[in-house]
Amino acid sequence: MTSHRAAQRRNAIAGFRAEQRRLEELGLFPLATDAKKAIRAYHDEVLHDLDSSGARTGEGAEYPAHWGMRLAATAGLFVIVGIVLYMIDQSWAALSNWGRFVLATSIPLVFLFLSEVILSLGRSRYFSTLLAGLSAVAVCSMLVLLTRLFNQSPGPLILLVAGGYGAALGHRQQSIPLGSLALFAMGFGLGACLAVADGSTWDALPHRLEPFLLAGIGLFVVGAIKIKAIPPALAPMQCAWRISGLALAGLALIALGFEGTSLLPGLHTTLAKGWQLAAVLIFLALIITGYFARWRDLFYGGTHLSFLFIIVRLYHWIGADLSIGLKAVGALALVGLFMWLMSLLCRIYIRGRT
């Protein structure tokens, strides 16, 4: 949400609360105590979301972009990128090594320049963030091309570097989605680097998932602690660190429930069952802690991970015996169940904040 829209929402909530007080004083707006608490909690939740998303009323107005315009611009941009990539592919073999080097390094800079131009014009941050994300993807592609150009094998260090670059752009754009995705890639790259630090190849990664769990925990800890050195404008971006950390650690914990994915010594079956039990207990602890501590990230993160854990285990147990049609129907049913469950939990969470 842009700062312009955030200011409108804040003003609307403040106006509603002021008018509600006046009507209550006149006896024209009788509400039960529970209803007033629920309305108050809902508005507090909305204001908290605005703070977490980095939307600020004093940053200067941005021009809001309609979703239709966003979709059209996004589709057009990817079409243009596809055409450019096709032209590069057709002429790549005819270029010299220096030409390839210049081309590979210039594309991320072009996207970065366009992103900064749109950001400086005060237009919708969506478009500048989109171009910043393309710049991060171009950096990853550039590193892959350069490693192959110099007869090297692409390694996990590429994800670590490109993810860090994207995270910096996400903080620059104050974009939690971009920052979360980039930090996830950076954490994945860090976990992969730790997993193959002894010189093993990429083939060993599926059997060494504990470093990914540690990397996710590290990301979450950085986002959870209060760091005074962080400027106030960047403080909401700590949410991106927590989201990426929960996602990476949770996915690693779910994957460790399969046999042969742990590097710990012991029987594969025993280790897998132990990690499955740990996942159940940890995800439930996240939900309970998030509910009673009023910590939204933990509550919803634990809920999403618990639902994903159930789906993965069910598919592992009975998925192979189902036909394609039953799998499609089951997938639609699970999506509907998930939407209903999230709506229910949202109401429970809001009531718990009263």
Side-chain angles (χ1 to χ4, degrees), residues 1-12 47 49-85 87-88 101-143 161-186 222-223 227-241 243-244:
M1 180 181 293
T2 64
S3 59
H4 176 72
R5 294 291 296 276
Q8 288 183 331
R9 194 68 188 274
R10 290 174 183 273
N11 292 336
L47 295 174
D49 289 343
L50 294 176
D51 290 339
S52 298
S53 65
R56 294 288 185 268
T57 59
E59 292 180 347
E62 293 179 4
Y63 292 92
H66 190 271
W67 277 107
M69 183 184 299
R70 294 185 180 187
L71 291 175
T74 303
L77 181 60
F78 278 102
V79 168
I80 295 174
V81 171
I83 295 174
V84 172
L85 291 178
M87 295 174 62
I88 293 175
F101 177 82
V102 172
L103 183 61
T105 55
S106 62
I107 292 178
L109 296 177
V110 170
F111 283 131
L112 179 61
F113 174 76
L114 293 176
S115 174
E116 290 298 321
V117 169
I118 294 178
L119 182 64
S120 63
L121 293 176
R123 300 290 173 176
S124 175
R125 200 178 291 268
Y126 173 81
F127 300 109
S128 61
T129 302
L130 180 61
L131 289 168
L134 288 175
S135 179
V137 174
V139 165
C140 185
S141 302
M142 175 196 72
L143 294 175
V161 175
Y165 174 78
L169 293 183
H171 284 69
R172 164 67 176 160
Q173 299 288 334
Q174 288 287 276
S175 172
I176 290 180
L178 176 58
S180 300
L181 290 173
L183 287 168
F184 182 89
M186 185 181 74
V222 172
I227 304 177
K228 295 182 179 180
I230 295 180
L234 294 180
M237 287 303 297
Q238 285 190 286
C239 179
W241 290 79
I243 292 174
S244 60

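Among pairs with a residue in residues 129-141, none fulfils salt bridge (charged side-chain N to carboxylate O under 4.0 Å, His left out), at least two apart in sequence or across chains. Listed by first and then second residue, the salt bridge (charged side-chain N to carboxylate O under 4.0 Å, His left out) pairs that reach into residues 103-118 are Glu116-Arg172, sequence neighbours excluded.
The backbone N or O of Phe101 sits less than 3.5 Å from a side-chain atom of Thr105, completing a donor-acceptor pair.
The shortest non-hydrogen separation linking Leu178 to Gly166 is CG-O, 4.2 Å.
For the atom pair OG (Ser175) and CG (Leu130), the distance works out to 10.0 Å, reported to the nearest 0.5 Å. Here the CD-CG distance, from Gln173 to Leu131, works out to 8.5 Å after rounding to the nearest 0.5 Å. Atoms CG and OG, on Leu103 and Ser106 in that order, are 5.0 Å from each other to the nearest 0.5 Å. Expressed to the nearest 0.5 Å, how far CD1 of Ile176 lies from CD1 of Ile243 amounts to 6.0 Å. Within the model, atoms CG of Leu114 and CG of Leu119 stand 12.5 Å from one another, a figure rounded to the nearest 0.5 Å.
Scored by the side-chain contact (heavy atoms from CB on, under 4.5 Å) test, Val161 finds Leu143, Leu157 as partners (sequence neighbours excluded). With sequence neighbours excluded, the residues satisfying side-chain contact (heavy atoms from CB on, under 4.5 Å) with Ala167 are Ala182, Leu183.
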For residues 133-140, dump all side-chain donor-acceptor pairs below 3.5 Å to protein atoms at least two apart in sequence or in another chain.
unit_1	atom_1	unit_2	atom_2	d
Ser135	OG	Pro108	O	3.0
Ser135	OG	Tyr165	OH	2.7

